[in-house]
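If you're wondering where the values come from, they're calculated on a predicted model, not measured in any experiment.
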Amino acid sequence: MARKKKYVPTKFMAKTSHYDKSLADFAVAFIEQLCHTKGTWAGKKFELLPWQEQIIRDVFGVVKENGYRQFNTAYIEIPKKQGKSELAAAVALFLLCGDGEQRAEIYGCAADRGQASIVFEVAADMVRMCPALNKRCKIMSSTKRIVYIPTNSFYQVLSSEAYSKHGFNIHGVVFDELHTQPNRKLFDVMTKGSGDARMQPLYFLITTAGTDTNSICYEVHSKAKDILEGRKHDDTFYPVIYGADVNDDWTDPKVWKKANPSLGITVGVDKVEVACESAKQNPGEENSFRQLRLNQWVKQAVRWMPMEKWDACAFPVNPDELEGRVCYGGLDLSSTTDLTSFVLVFPPGSDDEPYYVLPYYWVPEETLDLRVKRDHVPYDIWERQGFIKTTEGNVVHYGFIEQFIGQLGEKYNIKEIAFDRWGAVQMVQNLEGMGFTVVPMGQGFVSMSPPTKELMKLTLEKKIAHGGHPVLRWNMDNICIRTDPAGNIKADKAKSTEKIDGAIALIMALDRALRCGQGAESESIYDERGIIFI
């Protein structure tokens, strides 16, 4: 076991707060009377590791002038196999049995009941292995509840399915793997006002980094980072993040140690080394290694677009200066209740000019607020900024979009519009009736691979200008790529973490622009130099 280091109170202590050593000592002593429950440590006393003891002393020892805890939220983000479940279970039991709160309600929360039960089972085993607690607690395994009889308090498992159950009087919440929450509903129910009747409720959030940067976990992660780096201040929020920086060498053992405070104790260096070597051999495992072993936020299992390269193409695009220019459209209708996208691509007018991109998006007006709350995506902000348009009702109004495209056709020389051949037939017929040339485009590897690869090439060469459109950027950042045995690629809506509609529309429009160039008689770039391989 690692040698204990001298305790130094957290730098986040408020000016009016102080460190009460007796309270901190009591919390540490309580936890260290518990036993580990798994593996080679099973049955041994829970001797807190230095990083764990720092958290316990800070959270339970730093108090305000009135004697109650300063921190009511603790956010602990750390890689896997560092002893998260054991620490979370110990904190839950202390809140239940050691905090002196009458009729305390402690909840263990996770994305589903199975995940939430992990910490509960550890806590239940800790109770069974501690004679003093075992005779004072009643474990109800079938309902996932532990009752502490002397104060009539309980610890209860909840999952995201229970978000609608209001009426909680919370003294403590332990959120395990916050990054797996499908939405923010359970988090909001458990943390927004549910502990107002208690003097010192504690929301203990413990998680590994995730992949969804539009999630509630990333929102809390961002707040923690802002506080750690001095951009924000919140006396009630206690942030701890162990992880590798974005520019760190993920293959360097020194970086492993930096990100894993329990390395060599709860997880062997050899295990991390094996996982690293496997990730080196299989690039598809790199992001998984970086997320789970180094606690880095990554987008998905296989990334495609390097966003720093995409951002470098945010050259200004002036719609008025493009008036009268030849362009090609890509239309992704998605579903009537979802995000609909139309993108115009303007081929270069000279050798030193890029491909200009103009994206347009629509969502149903009546579902805008619902989308913001459900998806945790700032559709409302984008709508106010003019990057998304709304149509009346609770479904996308295709007639409105047809009229809008018609207006664009009066301003720009739209040669062709590519659309998914399985899309809305009626809208295509209407656009044809308005005089547009509408071209069906398959969504398989054969059709989508050439323009998808070309999009990457143009991005790397800074030969595309998108003006930094935030919705299109979000779409590009969400793309997950599938590859067939022949090396063809295409964007995969099923595997991508979020919406990619605008990216699909861009790829389809780019395909027509590449094939046709400035006019119908121009040679295809594919004919000129063949299909590229990336």
Side-chain angles (χ1 to χ4, degrees), residues 182 210-215 218 284 287 297-311 313-314 329-345 355 357-364 367 371-372 374-379 382 387-389 396 401 417-424 441-445 447-459 464 466-484 488-512 534:
T211 61
D212 184 2
T213 55
N214 290 296
S215 64
Y218 191 75
N287 274 15
W297 281 80
V298 293
K299 283 301 296 181
Q300 58 254 331
V302 180
R303 293 180 301 172
W304 182 63
M305 177 58 70
M307 294 311 294
E308 69 278 3
K309 300 295 184 183
W310 178 260
D311 292 339
C313 295
L331 180 63
D332 189 289
L333 295 178
S334 191
S335 72
T336 55
T337 60
D338 221 327
L339 194 66
T340 292
S341 310
F342 181 66
V343 175
L344 289 177
V345 171
Y355 284 80
V357 177
L358 287 179
Y360 302 93
Y361 293 88
W362 296 268
V363 294
T367 65
R371 290 167 179 278
V372 173
R374 181 193 68 190
D375 303 335
H376 197 56
V377 174
Y379 293 111
W382 290 334
F387 295 114
I388 285 181
K389 303 180 184 299
V396 173
I401 297 174
I417 297 175
F419 75 103
D420 181 355
R421 67 178 63 173
W422 304 109
M441 183 170 176
Q443 302 296 295
F445 287 106
S447 298
M448 297 297 285
S449 185
T452 302
K453 290 182 176 181
E454 194 69 39
L455 176 58
M456 176 63 79
K457 181 176 183 293
L458 293 173
T459 302
I464 191 166
H466 51 70
H469 195 287
V471 189
L472 181 59
R473 185 192 189 278
W474 175 60
N475 288 168
M476 296 303 302
D477 199 16
N478 290 332
I479 289 181
C480 181
I481 288 293
R482 282 181 61 191
T483 305
D484 72 1
N488 296 309
I489 66 173
K490 70 170 186 173
D492 189 336
K493 285 190 175 183
K495 289 187 177 181
S496 298
T497 56
E498 272 288 358
K499 305 298 183 187
I500 62 172
D501 311 272
I504 298 296
L506 168 58
I507 290 169
M508 290 194 292
L510 181 61
D511 179 76
R512 303 317 303 169
I534 296 178

Nearest atoms (heavy-atom pairs only) where Gly502 meets Tyr361: CA-OH, 3.3 Å
Contact summary for Trp304 and Pro306, nearest pair of heavy atoms: O-CD, 3.2 Å
Ring geometry between Trp474 and Trp382 (parallel below 30°, tilted from 30 to 60°, perpendicular above 60°): tilted
Heavy-atom side-chain proximity of Met305 to Ile479 below 4.5 angstrom: no
Euclidean distance, Asp332 CG relative to Met441 CE, rounded to 0.5 Å: 11.5 Å
Contact check, side chains of Met508 and Ser447, non-hydrogen atoms, under 4.5 Å: no
CZ on Arg512 to CD1 on Ile417, rounded to 0.5 Å: 12.0 Å
Asp511 CG to Thr452 OG1 distance, which is reported to the nearest 0.5 Å: 9.0 Å
Test item: Thr459 side-chain N/O and Leu455 main-chain N/O as donor-acceptor pair under 3.5 Å: yes
Parallel, tilted or perpendicular: ring planes of Trp310 versus His466, cut at 30 and 60 degrees: parallel
Plane angle bin for Trp297 and Tyr218 - parallel if under 30°, tilted between 30 and 60°, otherwise perpendicular: perpendicular
Beyond-backbone contact of Asn475 with Lys499, side-chain heavy atoms, under 4.5 angstrom: yes
Heavy-atom pair with the smallest gap, counting every atom of Met448 and Ile507: CE-CG2, 3.7 Å
Straight-line distance of Ile388 CD1 to Trp362 CH2, nearest 0.5 Å: 11.0 Å
Heavy-atom closest pair, residues Gly330 and Ala509: N-CB, 3.3 Å
side-chain contact (heavy atoms from CB on, under 4.5 Å) between Asp420 and Ile504, intermediate numbers included: CA-CA 9 Å; Asp420 181 355; Ile504 298 296; over 6 Å; no
Donor-acceptor contact present, side-chain Ser449 to main-chain Lys490, <3.5 Å: no
Reported CG-to-CG distance for the pair Leu472 and Leu506, which is rounded to 0.5 angstrom: 6.0 Å
Test log, rule side-chain contact (heavy atoms from CB on, under 4.5 Å), inputs Leu333 and Phe419: CA-CA 8 Å; Leu333 295 178; Phe419 75 103; over 6 Å; no
Any side-chain heavy-atom pair of Leu344 and Phe342 under 4.5 Å: yes
Spatial distance of atom CG (Asp492) from atom CD1 (Ile481) [nearest 0.5 Å]: 8.5 Å
Test side-chain contact (heavy atoms from CB on, under 4.5 Å) applied to Asp477 and Arg473, step by step: CA-CA 6 Å; Asp477 199 16; Arg473 185 192 189 278; 4.1 Å; yes
Criterion side-chain contact (heavy atoms from CB on, under 4.5 Å) against Tyr379, the qualifying member of Val471, Leu339, Thr367: Leu339
